[in-house]
Trainee: 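Pasting a structure below so you can have a look.
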Protein chains: 2
Amino acid sequence: MVGTRLTPQRETELYGTVLDLLREVGYDALTMDAIATRTRSSKATLYRQWGSKPVLVARAIRCNKPDASQVADTGSLRGDLHAMAALADDARMQRDVALMRGLFHAVHGNPDLHEALREVMVEPDANGLQVLLDRAVVRGEIAVDHPALPFVPHMLVGAFVARQLIDDRSVDRAFLVAFLDAVVLPALGV
Amino acid sequence: MVGTRLTPQRETELYGTVLDLLREVGYDALTMDAIATRTRSSKATLYRQWGSKPVLVARAIRCNKPDASQVADTGSLRGDLHAMAALADDARMQRDVALMRGLFHAVHGNPDLHEALREVMVEPDANGLQVLLDRAVVRGEIAVDHPALPFVPHMLVGAFVARQLIDDRSVDRAFLVAFLDAVVLPALGV
């Protein structure tokens with residue numbers, strides 16, 4: 001395997017295992033040794049391909065994100081966002097909240113993790129939500145300088161965290177749709 | 001001191017010390033012994049007055065919340081919310097985000113803490129925000145069944161958490177005002 005890249009399928013499997021370990025032990029206790037053992041890879045392979053633990057973790061998180069860029073153009077932002085919500089899987093969102101809780105804690109003490117996460121999150125193809133918003137701007141549904149546009153990620157991240165903190169429940173598809181209709185779309189004037 | 005209640009001033013001081021300790025060591029490592037030592041109280045006094053660690057911590061958090069119910073009626077929800085934002089102290093909000101980060105982590109493994117926090121948060125006099133929203137409903141600015149009303153706490157909690165997670169910055173007064181004007185008020189149709 002030396003010198004060869006992992007196949008995309010093998011890469012996705014490996015990312016899944018990294019997230020499993022992350023949920024089990026948390027970021028700080030996660031070691032490259034444990035990842036190597038569980039994924040039956042060599043540590044050399046892991047370091048060659050990703051360089052460091054924070055970068056590997058950030059890539060795994062990014063791979064796990066629902067890919068909103070796969071949402072076909074429905075002709076309206078409301079339709080596109082509802083289609084994105086329909087892609088969401090309730091059990092998966094529940095798992096993701098646990099993951100976010102751990103990461104929110106971990107980024108505080110690990111600036112390199114925070115940096116790696118920010119880097120993958122701003123990659124254009126990683127950010128399907130931005131694709132949907134750009135489409136709405138091109139369509140003329142939202143002005144490019146609409147004051148609520150920069151806050152859409154804050155609204156959505158906030159919905160996930162606050163649902164847990166205030167209501168002690170995970171976000172499910174029904175909550176997501178209600179939040180989109182009552183908050184996100186009206187704030188955007190759509 | 002047996003049988004007497006603490007004075008309100010002494011109580012506020014004690015809550016401040018609990019929050020200091022909470023920021024220093026986190027919820028799980030916080031002990032009633034450490035609180036008793038630092039506040040020069042007896043553990044018997046602490047247990048008599050609060051009953052348990054989660055209840056004491058929840059009361060301390062509640063005491064620390066900016067009291068939006070002190071905001072005088074400005075005649076509009078926009079005016080009231082801006083007045084609330086003007087009460088906010090940038091340094092204090094920065095400290096509070098650190099506190100929330102720790103608690104978001106702690107409530108997961110401590111259902112009794114979660115329960116105690118929820119109880120103090122829903123107390124009517126603890127929830128100044130609700131006072132401002134109720135005022136707007138009475139004024140006729142917002143319909144009592146407006147779909148965005150139940151989500152206002154989610155929007156605000158979300159703003160604090162997401163600002164940190166996405167922008168790696170604490171909420172300051174300027175961000176809070178921008179978020180109120182771009183998201184909260186338009187979502188409420190005000």
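Source: prediction; values computed, not measured. Chain A is the first sequence line, chain B the second, and so forth, proteins listed ahead of strands; every chain is numbered from 1.
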Trainee: Among pairs that include at least one residue of residues 27-36 of chain A, which meet salt bridge (charged side-chain N to carboxylate O under 4.0 Å, His left out), considering only residues two or more places apart or in two chains?
Mentor: Asp33(A)-Lys43(A)

Trainee: How would you list, in number order, the residues of residues 174-187 of chain A that have a heavy atom less than 4.5 Å from chain B?
Mentor: Phe175(A), Ala178(A), Phe179(A), Ala182(A), Val183(A), Pro186(A), Ala187(A)

Trainee: Sort and list the pairs that fulfil side-chain hydrogen bond (donor to acceptor under 3.5 Å, both in side chains) and have at least one residue in residues 146-159 of chain B, not counting sequence neighbours.
Mentor: Asp167(A)-His154(B)

Trainee: For residues Val71(B) and Val138(B): do they belong to one hydrophobic cluster (side chain heavy atoms under 4.5 Å, members Ile, Leu, Val, Met, Phe, Trp, Tyr)?
Mentor: no

Trainee: Check side chain to side chain contact (heavy atoms under 4.5 Å, CB included) between Thr12(B) and all other residues, then give those that pass, not counting sequence neighbours.
Mentor: Cys63(B)

